[in-house]
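Since we're looking at a predicted model, the values are computed, not measured. One-based numbering, in listed order, for ligands and for the atoms of each.
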Amino acid sequence: MQNEEREKVILAGVWESAAGESYDDFLHSMDELAELARACDKDPAESFTQILDRCTAALYMGSGKVEEIKEAVAEHGAARVIFNDTLTPIQIRNLQKELDIEVMDRTALILEIFRSRARTREAKLQVEVARLSYLKPRLIGMWEKQNRQGGASGSMSSKGEGETQLEIDRRTIDHRLADMRRELKVVERERQTQRKKRQASGIPLVALVGYTNAGKSTIMNSFVRACSDEKKSVFEADMLFATLDTTVRRISGGYGYDFLLSDTVGFIQKLPTGLVEAFKSTLEEVKEADLILQVIDYSDPHHKDHMDTTSRTIADLGAGDVPMVIVYNKCDLKEDASFPRRAPAVRSENGRVSPGVFISARDEDSLELLRSVILDEVYGGYVEEVSVIPYSRGGELAALKGKGTVLSEEYLEDGIRICVRRRKKNEP
Ligand SMILES: Nc1nc2c(ncn2[C@@H]2O[C@H](COP(=O)(O)OP(=O)(O)OP(=O)(O)O)[C@@H](O)[C@H]2O)c(=O)[nH]1
Ligand SMILES: [Mg+2]
């Protein structure tokens, strides 16, 4: 979309000096807010920041600053103001009144991006559950606005038409939430069935995980192009939250050493808790992975913060013990980085030691290195087993095949000689 067609917006954020976040991190989160706005087809015209001990309960910012924002809105002809933190229903109501324009917060912005990107039924349901849960406590502000415009009192204690309608709206939301949660349960069960099938197949699962825009989908596509029969690529783009749906592809590691690679939604700091909650069933698959590839945009000056956010989210999802490889990606954009090569291993707080690699997703040798590190990690725990099964015991043969990857089958006089590679941890 051209800039002229994009809706102009004003950004605003408070650095709470008493909250423990560094000023540099705050500025970074403001830059990120601008990126999020662009990812949502909006054009940030001006950005306002303020340093306060704590955000104000009534207006989030000081009233003088809100006045300045109001002038900027008029000057730029902005359609809305977007705030960097999740606003309370009272703040939304007051700001809307003061600015006389629609206000939005970081959470609503991320929800809007997710809503426009969701493709599968599951992702759509997950986003809608998060959106309605966010909306429900905030309906009061919307109704008051309508009441004001319609000349009604707008007081919370009045038993006006607005309040009755508000109650109806809240009940409607509750019903829809219940319906969607029920439908999601069904989808989750299907997902579990697929997961069980995949586990039974004995092919290890490798999950791409990391901050949004780190290059997860690009790595997936490079692997698919180079080493897969399934040539279907996934969407990759220089924007936040390009991917929302999970995709799994079978990658050939050579000599029967195949693995499944999954690509999913990325993380961001201050990811709305409602969204983490809603996407839990998708993200929880990470727990089932045999290996996590934590992808990092090494060329981003804030990559250490991104790593912290990602590691925290992985731990929150209960996947803190899954073996991990740290993938320092986009080394081609860093002048002083030599790649591909191995990186020093990182020890996490829980004692897990993760090897690392410096790579570029656009470089063939990098892909080769990454593939060999993956195979070392996932097939270190595998054994190869040769058995001869008499022709009369066909059932045993089928069971054996179901346990892992068949490397060879030979028809002998007294039966079939079969070599299967299977997981050690499946051993009785
Ligand atoms: N120069 C360079 N660009 C890269 C590299 N890897 C990815 N990119 C670019 O970075 C941007 C983001 O890549 P994606 O693969 O979509 O990132 P992602 O991690 O899947 O992001 P989300 O789906 O938003 O979470 C795209 O424009 C890619 O072309 C790399 O190694 N080098
Ligand atoms: Mg992606």
Residue [X] vicinity, atoms of ligand 1 by number, heavy atom under 4.0 Å:
X	value
Gly266	25 (O)
Ala361	6 (N), 30 (C), 31 (O)
Leu333	1 (N)
Ala214	17 (O), 19 (O)
Met239	24 (O)
Gly215	7 (C), 13 (O), 14 (P), 15 (O), 17 (O), 18 (P), 19 (O)
Ser360	30 (C), 31 (O), 32 (N)
Phe241	24 (O)

Who's closest to atom 10 (O) of ligand 1 heavy-atom-wise, of Lys330, Lys334, Arg117?
Lys330
Nearest option to atom 13 (O) of ligand 1, as decided by whichever heavy atom of Thr218, Val265, Ile219 sits closest
Thr218
Hey, do the aromatic rings of Tyr328 and Tyr298 have their centres closer than 6.0 Å?
yes
[X] side chain to [Y] backbone, donor-acceptor under 3.5 Å:
X	Y	result
Gln96	Val103	yes
Ser222	Ala361	yes
Arg352	Pro323	no
Glu16	Cys55	yes

[atom]: nearest protein contact (heavy atom, Å):
atom	value
atom 16 (O) of ligand 1	Ala237 N, 3.0 Å
atom 23 (O) of ligand 1	Thr243 OG1, 2.7 Å
atom 29 (O) of ligand 1	Arg362 NH2, 2.7 Å
atom 1 (N) of ligand 1	Asp332 OD2, 2.8 Å
atom 6 (N) of ligand 1	Asn329 ND2, 3.1 Å
atom 25 (O) of ligand 1	Lys216 NZ, 3.0 Å
atom 21 (O) of ligand 1	Asn213 N, 2.9 Å

Gap separating the [atom1] atom of [X] from the [atom2] atom of [Y], nearest 0.5 angstrom:
X	Y	atom1	atom2	result
Tyr60	Asn94	OH	CG	15.0 Å
Gln50	Ile69	CD	CD1	8.0 Å
Arg138	Gln91	CZ	CD	9.5 Å

For the student: nearest non-hydrogen atoms of Ala79 and Ile101, plus distance:
O-CG1, 3.4 Å
Does [X] reach the side chain of [Y], with side-chain heavy atoms less than 4.5 Å apart?
X	Y	value
Phe114	Val265	yes
Lys401	Glu409	yes
Arg249	Phe223	no
Ile219	Leu208	yes

Keeping to distances under 2.8 Å, can you name the protein N/O/S atoms close to the Mg ion (ligand 2)?
Ser217 OG, Thr243 OG1
Mind listing the side-chain donor-acceptor pairs of residues 104-112 below 3.5 Å, one per line with the distance, residues two or more places apart or on another chain?
unit_1	atom_1	unit_2	atom_2	d
Asp105	OD1	Thr107	N	3.3
Asp105	OD1	Ala108	N	2.9
Asp105	OD1	Tyr134	OH	2.8
Asp105	OD2	Leu87	N	2.9
Asp105	OD2	Tyr134	OH	3.0
Arg106	NH1	Ser29	O	3.4
Arg106	NH1	Asn84	OD1	2.8
Arg106	NH2	Glu32	OE1	2.9
Arg106	NH2	Gln269	O	3.4
Thr107	OG1	Thr86	OG1	2.7
Glu112	OE2	Lys42	NZ	3.4

Test ring pair (Phe, Tyr, Trp, His ring centres under 6.0 Å) applied to Phe267 and Tyr211, step by step:
CA-CA 5 Å; Phe267 305 147; Tyr211 213 70; 8.3 Å; no
Is Asp238 close to ligand 1, meaning an N/O of one under 3.5 Å from an N/O of the other?
yes
